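Bear in mind the structure is a predicted one, so any value in this text is a computation, not a measurement.
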Amino acid sequence: MKILWLDLNCSYAHSSMALPALHAQVMEREDIEWVVVRTTNNETVGTAVDAIYAHHPDVVAATAWLFTHEQLLHIICRVKALLPDTVMILGGPEFLGDNKGYLSCHPEVDVVLRGEGEESFARWLEVWNEPDHWHDIDGLCYIHKGDYHDGGLARVMSFDQLKSPEESNLFTWDKPFVQLETTRGCFNTCAFCVSGMGDPMRTLSLEKIRQRLNRIRERGIRDVRILDRTFNYNPQHAISLLNLFEEYHPHLRFHLEIHPALLTSALRSRLQTMPAGQLHLEAGIQSLRQEVLDKSQRKGTLEQALSGLRFLCSLSNLVCHADLIAGLPLYSLCQIYEDIRTLAELAAGEIQLESLKLLPGTEMRNNAWQLGIRYSPLPPYEVLATNHISSSELQEARRLSRLLDAYYNTEAWQSVTRRLIIGEKDFLNLFLRFLTENNHIDQPMSLERRGELLYLFCREQYPDYAQAVAAAWIEAGMSLRKRPAEHVRGGRLLIPEHWHVEYGEYKDTLKMYFLPADDNGNGLWYGYESTAQHAAPVFKARETK
């Protein structure tokens, strides 16, 4: 038999972990020929269909994700019309809910797999062309001879015994990062998450994790994304993993999700001593309102979460990002603005504002009507309005997310943006209105264009910050001939007797520029290498009197 895996992703920077995870379990079967067609949402449907049709596969398998599901259906429909005898099987988080309605609406899909597929998919391959023998396979949902069959939820309890995805020759090693699952399941009960349904925790042994990390390092990969829902669900286990990770410094860097409310003193101490730059943390916050967290059934108190987040953001040896979710029950737009300001005060490395999606099978989706949530029935199932945030306010939250990505989450503009958010209560509202009314917020903006717009806005609304924006512009290596640098002086300048050097070393050979701060002439000095092509200054000093 010939299986064609349709690897559909949002971009080529991402790759499906499902393919090598499933293939690794059956790769010794010589009666199966595997073919892969890789494509993205940005490519035409016809190109993918033509590539699939050329292989005439017996089975087409794919994973349905929130942001690829629509494109996937367009491809599958066309392939089924061309190859009616080809069996179409889909899996992924989209099928954790009621699949009867889905299969009835999409007859081009022959079968879907609910839950964890490594064991069930391997069993299905033994009887793929015999639907009468599908009924006892966990997780398999399908319509046969007019009757709907539901195989429940497939779970792999022998998680540690699975062959790792990296053992498959279909694992892709040419991406900028690899993903690694050290635990499966989640102890948390978040009502908006597909893992909040009581999935039992299963953990890989440290030795098996070490073997996989050795393979990753040998391949020359630098960045590893740990897929565990909550890295520190077991603080002692988390410490053991951190000890293991440090063995791979400086060869590997790790990106992981951590629950700030569950930081024991021992775990805090271990995080403090991790090598600088090895960890990139995503702190699950969602909201800084206790009533919102309670309604979302998230474990841990707000007080504990803030204490943990304050600690994580204070560490200079790692980067800690924080996330908020617009559209949660009881969460208003006004509160979102206030929470962003709080996160800026804590100096979060990034502030990520996402819109809530009500995924199939989640408790929040099942109880959406009682919770006062209206959401789109089509992928990605985004919340459209709640009793506490209107449709237009959710659109404003979406634009606010773009503003944060363009400014706060961009190194060049983060420092001055943080100062503005903390120092000026109305800054975010007014700047977002400025970008929206001038049709900038939904358009691609270069790093330079973002700086120009921030400078123009501050020059009119917050002139006391104009010099700070100009300084950020200069230090990002932008042109001294453009407007944010309009007050910069060059040429023959008299070097002051006293200044405070912030970085670099002054030399007579440097080409010096002066950025005045006020009418008294106190300002910033910048030095550039005159014999090298350095866009950014190599020297900075603050003039003192």
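- Annotation for His144: atom NE2 counts as buried by contact number, over 12 foreign heavy atoms lying within 6.0 Å.
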**Message:** Working note: His280 + His321, criterion side chain to side chain contact (heavy atoms under 4.5 Å, CB included); need CA distance, chi angles, decisive distance, verdict.
**Reply:** CA-CA 8 Å; His280 182 130; His321 297 177; 2.8 Å; yes
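- In this structure, Arg268 satisfies the cation-pi test against Phe311, with its NZ or CZ atom closer than 6.0 Å to the six-membered ring centre and inside 45 degrees of the ring normal.
- A salt bridge is defined here as a Lys NZ or Arg NE, NH1 or NH2 lying under 4.0 Å from an Asp or Glu carboxylate O, and Glu247 with Arg210 meets this definition.
- To the nearest 0.5 Å, atom CZ of residue Arg114 and atom CG of residue Asn99 are 4.5 Å apart.
- Residues Ser158 and Glu119 have side chains in contact (heavy-atom distance under 4.5 Å, counting atoms from C-beta outward).
- Side chains of Glu166 and Arg219 form no contact here, defined as non-hydrogen atoms less than 4.5 Å apart.
- Inspection of the Asp323 and Gln286 side chains reveals an N or O donor paired with an N or O acceptor under 3.5 Å.
- Shown here is Glu70, whose CD atom has no more than 12 heavy atoms of other residues, nucleotides or ligands within 6.0 Å.
- Looking only at distances, no side-chain donor or acceptor of His106 sits under 3.5 Å from a matching main-chain atom of Glu108.
- Rounding to the nearest 0.5 Å gives a distance of 10.5 Å between CD of Gln414 and CG of Leu404.
- Between Asp58 and Lys2 there is no salt bridge, since none of the side-chain N atoms of the basic residue sits less than 4.0 Å from a carboxylate O of the acidic one.
- The environment of CD in Glu207 is crowded: more than 12 heavy-atom neighbours from other residues, nucleotides or ligands sit within 6.0 Å.
- Separation of atoms CG (Leu315) and CZ (Arg310) is listed at 13.0 Å; rounding is to 0.5 Å.
- Counting non-hydrogen atoms of neighbouring residues, nucleotides and ligands closer than 6.0 angstrom, the CD atom of Glu411 reaches no more than 12 such neighbours.
- The one candidate from Arg212, Gln179, Glu181 that meets the side chain to side chain contact (heavy atoms under 4.5 Å, CB included) condition with Pro165 is Arg212.
- No donor-acceptor pair under 3.5 Å is formed between the side chain of Tyr53 and the backbone N or O of Arg78.
- Judged by distance alone, with hydrogens and angles left aside, the side-chain atoms of Ser296 form a donor-acceptor pair with the main-chain N or O of Val292 at under 3.5 Å.
- Between Phe171 and Met17, some side-chain heavy-atom pair lies under the 4.5 Å cut-off.
- Side-chain contact between Phe231 and Glu257 is absent, with no heavy atoms from C-beta onward closer than 4.5 Å.
- We find the CG-CG distance between Leu288 and Leu293 to be 8.0 Å, quoted to the nearest 0.5 Å.
- Side-chain atoms of Asn41 come within 3.5 Å of backbone atoms of Phe67 as a donor-acceptor pair (strictly under, hydrogens ignored).
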Exercise for the section: Using the salt bridge (charged side-chain N to carboxylate O under 4.0 Å, His left out) rule, take Arg398 and Glu382 through it: C-alpha gap first, then chi angles, then the decisive distance, then the call. Expected result: CA-CA 11 Å; Arg398 179 190 61 80; Glu382 69 270 27; over 6 Å; no
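- By the 4.0 Å N-to-carboxylate-O rule, Asp442 lies too far from Arg399 to be salt-bridged with it.
- Classified by interplanar angle (parallel below 30°, tilted 30° to 60°, perpendicular above 60°), the ring pair Tyr102/Phe95 is perpendicular.
- Evaluated for a side chain to side chain contact (heavy atoms under 4.5 Å, CB included) with Ile89, the options Ile3, Leu125, Val59 yield exactly one hit, Val59.
- Judged by distance alone, with hydrogens and angles left aside, the side-chain atoms of Asn232 form a donor-acceptor pair with the main-chain N or O of Leu262 at under 3.5 Å.
- With a 6.0 Å radius and a threshold of 12 heavy atoms from other residues, nucleotides or ligands, Lys295 has its NZ atom at or below the threshold.
- Salt-bridge annotation for Arg123 and Asp136: present, with a side-chain N of the basic residue lying under 4.0 Å from a carboxylate O of the acidic one.
- The residue from Thr230, Asp228, Asn234 that alone fulfils the side chain to side chain donor-acceptor pair (under 3.5 Å) condition with Thr183 is Asp228.
- Atom OG of Ser355 is separated from atom CD1 of Ile325 by 9.5 Å, given to the nearest 0.5 angstrom.
- A donor-acceptor pair under 3.5 Å is formed between the side chain of Gln25 and the backbone N or O of Ala21.
- At least one donor-acceptor pair under 3.5 Å links the side chain of Asn317 to the backbone N or O of Met274.
- Side-chain contact of Thr39 with Gln71: a donor-acceptor pair under 3.5 Å is absent, judged by distance alone.
- We find the CG-CG distance between Leu4 and Leu6 to be 7.0 Å, quoted to the nearest 0.5 Å.
- A ring-centre distance under 6.0 Å is found for His23 and Trp34.
- Judged by distance alone, the side chain of Thr410 and the main-chain N or O of Asp405 form a donor-acceptor pair under 3.5 Å.
- With hydrogens and angles disregarded, no donor-acceptor distance shorter than 3.5 Å links the side chain of Ser401 to the backbone of Ala397.
- Judged purely by distance below 3.5 Å, without hydrogens or angles, the side chains of His249 and Gln278 never pair a donor atom with an acceptor atom.
- Side chains of Tyr233 and Thr203: a donor on one and an acceptor on the other come within 3.5 Å.
- The pair Asp98-Arg365 does not meet the salt-bridge criterion, since no charged nitrogen lies less than 4.0 angstrom from a carboxylate oxygen.
- A distance-only check finds a donor-acceptor pair linking the side chain of Tyr407 to the backbone of Arg450 [under 3.5 Å].
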